[in-house]
Enquirer: 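Here it is: the structure, laid out below.
Chain A is the first sequence line, chain B the second, and so forth, proteins listed ahead of strands; every chain is numbered from 1. What you see is a predicted model; the values in this text were computed from it and never measured.
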Number of protein chains: 4
Amino acid sequence: MTARQARKERITQERREQILKAALSVFSTRGYGESTMADVAEAAGVGVGTIYNYYKDKRDLLISLVQNLLISENLVSILDKMTLYSSRDFMDLLIEERLRFGFDNAQTILFLMFEIQRDAKMRRKYVQNVVWPLLSRLENLIRSQVKSGVFRKVDEKIIARAMAGTIIGNALLFRLEQRESPLKKAHLKDIAHELSGLFIDGLAGK
Amino acid sequence: MTARQARKERITQERREQILKAALSVFSTRGYGESTMADVAEAAGVGVGTIYNYYKDKRDLLISLVQNLLISENLVSILDKMTLYSSRDFMDLLIEERLRFGFDNAQTILFLMFEIQRDAKMRRKYVQNVVWPLLSRLENLIRSQVKSGVFRKVDEKIIARAMAGTIIGNALLFRLEQRESPLKKAHLKDIAHELSGLFIDGLAGK
Amino acid sequence: MTARQARKERITQERREQILKAALSVFSTRGYGESTMADVAEAAGVGVGTIYNYYKDKRDLLISLVQNLLISENLVSILDKMTLYSSRDFMDLLIEERLRFGFDNAQTILFLMFEIQRDAKMRRKYVQNVVWPLLSRLENLIRSQVKSGVFRKVDEKIIARAMAGTIIGNALLFRLEQRESPLKKAHLKDIAHELSGLFIDGLAGK
Amino acid sequence: MTARQARKERITQERREQILKAALSVFSTRGYGESTMADVAEAAGVGVGTIYNYYKDKRDLLISLVQNLLISENLVSILDKMTLYSSRDFMDLLIEERLRFGFDNAQTILFLMFEIQRDAKMRRKYVQNVVWPLLSRLENLIRSQVKSGVFRKVDEKIIARAMAGTIIGNALLFRLEQRESPLKKAHLKDIAHELSGLFIDGLAGK
DNA sequence: TATGAATGAGGGTTCATTCAT
DNA sequence: AATGAATGAACCCTCATTCAT
């Protein structure tokens, strides 16, 4: 009986996610206001009415998207590793990984950022649940590097945001330029290295 | 006769801009798909029908927004000054100015980036008319600094995008965090200084 | 002074007619409901506002069209000649003339008939001012021919309507078939002769 | 399963017809351009949106009207009987039947003729699918009567159109005159007899 | 008097949501 | 639970009409 219920529960959860993923994909592509429930239904491979068995209405899809933080659930775990190592090599790897994620999801990031910042409630929730956990980990890392003398004395809040912002901004720029960009995804490693060089050594000659 | 026509022409231009500004404001706030022509009309202080005397349809408003490059027309002129001076003080000023612009217009930037990257034609036009002119100026500046030994040898294309991306990303992060951000617009000067320090000297201790 | 006024009056009349002719042409082509005042204005070669200096509104154009009986003003005069002659040759000529008129104006006739029969007031006015004068002349002619023994004893009301109806029906059929019709306008004379043969001798063999 | 689908199919067909009938009625009364989808919906007893589940747009309703030939589907079957009998009595009956149909549907005929002749594609389709089948049957009938000596030698194409045109024209005239017409529907039999007399014997005395 | 830009009521159409199956 | 036909509110857009020039 409990097993029965659990199974049902699980199926329900899967269906919810299936629909939510479809919604994220559709919304990111067409924009929330220009997406139709029929679009989402088709993308999810279900009937229109079915969506309403799992979500109250269209807006509920959007809100659930943010609350489920589909795209960032693995962000934190990655950043957690940062506290362990922090060699230049690892920095390269980390930047590369984040750049790749940004390049691949720029459209979704753009969509989510736009929708989130428009709605005060969603914004606050997102900032508290996603942005700050990430930034504070980054700040901690920087602070510890400063303390250990690896980094010079800097404002870790500003620098953390600068570094995160650089990744975000580059991803969006790349999304705008697309194929015409001189930066190719094939050379992500080189780009990441150049960036880590910028972060660590700056531009100053000698 | 010609004076008469010229006057009419001018009024028409003014009206077009008045409507376009309203559209940018409304679209940026609510998103294109969720904005109504009534919203735009009200914001522009004209009747709904009047808009259609100046723009074919709603989409034409969006396209015209991008083509008129309303928000970036003064970008280039500012960057042009960069070629003249390039002291650390000037870099501070430039970054501060760009950050302020980004902070003030993050919502609009977000909206435009999202809409532009969705449409292949608009994207290409925007990249060619706005993004590249800006980036190439920045690249030139970096290249000349490298040549004169002020900067060490770096890939100017990557670094130019990193710097521009940093500004964009910071503005968007700031828009997300808003009042809760530890970065206050009141201290833009300090932030800019910290950033220019990052760009020039990097993070490395001593 | 009176001459002055007369001139003005005449110009006004001309302008009214110019607009009315344009309206008839446009309405006949697109249908009343699908025609716009801009269409009419363009066809008349005047500004939109100008129309309103001569007609109260769009509907007024339609009503005036019917009241002016633009297309039938010369009908009566033609029929009047019928009382004078009535040879077989003249019947040929009359039918030919009416057929030609019908063929040329089928579109307009169709439009007017449709609009007129829809509106009780217009319908009554049209019937009294156009249809009956025409039909009664035709009836009189038939009656006199019966009296003089040229025609056998027939119900002149039915026959008058049959003859008028034949012309109308043929014109409309021709308009439907257009180029694909085996009846060519080039052979109107032959067609008219065949019809007069039908009317006078019927189809019965020998 | 197949039964299920068949049922659904049938209901869909019924709904399509229900809407189409309503559209024909509304359009015939108010004219296409002045009819609203709300009018049609109300006449059909469905919601406005429902119409769009069955027809692409308003124009599709009009086109479907013509293609479905709602009003003339039974025309051909009637004319087919003509080839069997052709006594004077039968001619009376046939004319009476056609006149009655014309009198009853004059408004619709007028509407359809006007709309059809306006659109080249619809016109050609209508001519080929409705007008010509009818006319050619009539022509055949006349030709055979000529051959058998019942009719004298006439051009069957012209006479066929004359006869059909007479019916159409009379119906439209009747619609115009309405109650004021001296021709009453109550005496259709007499009218038909007079017309058949005209067709067969003509007007000539003795 | 002639004009056409401004206007908003109204109409075609879409689409989120409901509900009977 | 899944579905999609039915619905009407809401939106884009047109166009008759007005009015300042």
Enquirer: Counting only Watson-Crick or G-U wobble pairs whose two distances fall under 3.5 Å, which nucleotide matches F:dA9?
Expert: E:dT14
Enquirer: Between A:Asn53 and C:Arg59, just flag the one whose closest nucleotide in DNA chain F comes earlier from the 5' side.
Expert: A:Asn53
Enquirer: Send over the distance from D:Tyr32 OH to E:dG12 P, rounded to a whole Å.
Expert: 8 Å
Enquirer: Look at the side-chain N and O atoms of B:Tyr54 and state whether any lies under 4.0 Å from the OP1 or OP2 oxygen of E:dA6.
Expert: yes
Enquirer: Do the side chain of D:Ser25 and the main chain of D:Lys21 share a donor and acceptor less than 3.5 angstrom apart?
Expert: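 Such a contact is absent between D:Ser25 side chain and D:Lys21 backbone.
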Enquirer: Given F:dT17, E:dA16, F:dA6, identify the nucleotide with an atom nearest to the side chain of C:Met37.
Expert: F:dT17
Enquirer: Write down the atom of C:Lys58, the atom of C:Gly33, and the distance for their closest heavy-atom approach.
Expert: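 In this case the closest contact between C:Lys58 and C:Gly33 is NZ-O, 4.0 Å.
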Enquirer: With both distances under 3.5 angstrom, what nucleotide forms a Watson-Crick or G-U wobble pair with F:dT21?
Expert: E:dA2
Enquirer: Nearest nucleotide by nearest heavy atom, which residue falls closer to the 5' end of DNA chain E, D:Thr50 or B:Val48?
Expert: B:Val48
Enquirer: Can you tell me how far C1' of F:dA9 sits from CG of A:Asp57, to the nearest Å?
Expert: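 A:Asp57 atom CG is separated from F:dA9 atom C1' by 15 Å.
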Enquirer: Nearest whole Å is fine: how far is E:dG12 P from D:Asp60 CG?
Expert: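 These atoms are roughly 14 Å apart.
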Enquirer: Okay, side chain of B:Asp60, backbone of B:Asp57: is any donor-acceptor separation there less than 3.5 Å?
Expert: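 A pair under 3.5 Å: no.
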Enquirer: Determine: side-chain N/O of D:Thr36 to OP1/OP2 of E:dG11, distance under 4.0 Å, yes or no.
Expert: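 For E:dG11, neither OP1 nor OP2 has a side-chain N or O of D:Thr36 closer than 4.0 Å.
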Enquirer: When you measure from the side-chain N and O atoms of A:Arg15 to the phosphate of F:dA2, is any distance below 4.0 Å, counting only OP1 and OP2?
Expert: yes
Enquirer: From CZ of C:Arg7 over to C1' of E:dT1, roughly how many Å is that when rounded to an integer?
Expert: 14 Å
Enquirer: Indicate, with a heavy-atom threshold strictly under 4.0 Å, whether A:Ser35 touches base, sugar-phosphate, or nothing.
Expert: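 Sugar-phosphate only.
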Enquirer: Rounding to an integer number of Å, can you tell me how far B:Glu34 CD sits from E:dA16 P?
Expert: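 My rounded result for the distance is 11 Å.
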Enquirer: Does A:Lys8 or C:Tyr52 map to a spot on DNA chain F nearer the 5' end, using the closest nucleotide for each?
Expert: A:Lys8
Enquirer: B:Gly47 or A:Ala38: which one's nearest nucleotide on DNA chain E is closer to the 5' end?
Expert: B:Gly47
Enquirer: Out of E:dT17, E:dT7, F:dT17, which has the shortest distance to the side chain of C:Lys58?
Expert: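 For the C:Lys58 side chain, the nearest candidate turns out to be F:dT17.
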Enquirer: Do D:Gln117 side-chain atoms and D:Phe114 backbone N/O form a donor-acceptor pair below 3.5 Å?
Expert: yes
Enquirer: If I take atom CZ from residue D:Arg15 and atom OG1 from residue D:Thr12, how far apart are they, to the nearest 0.5 angstrom?
Expert: 9.0 Å
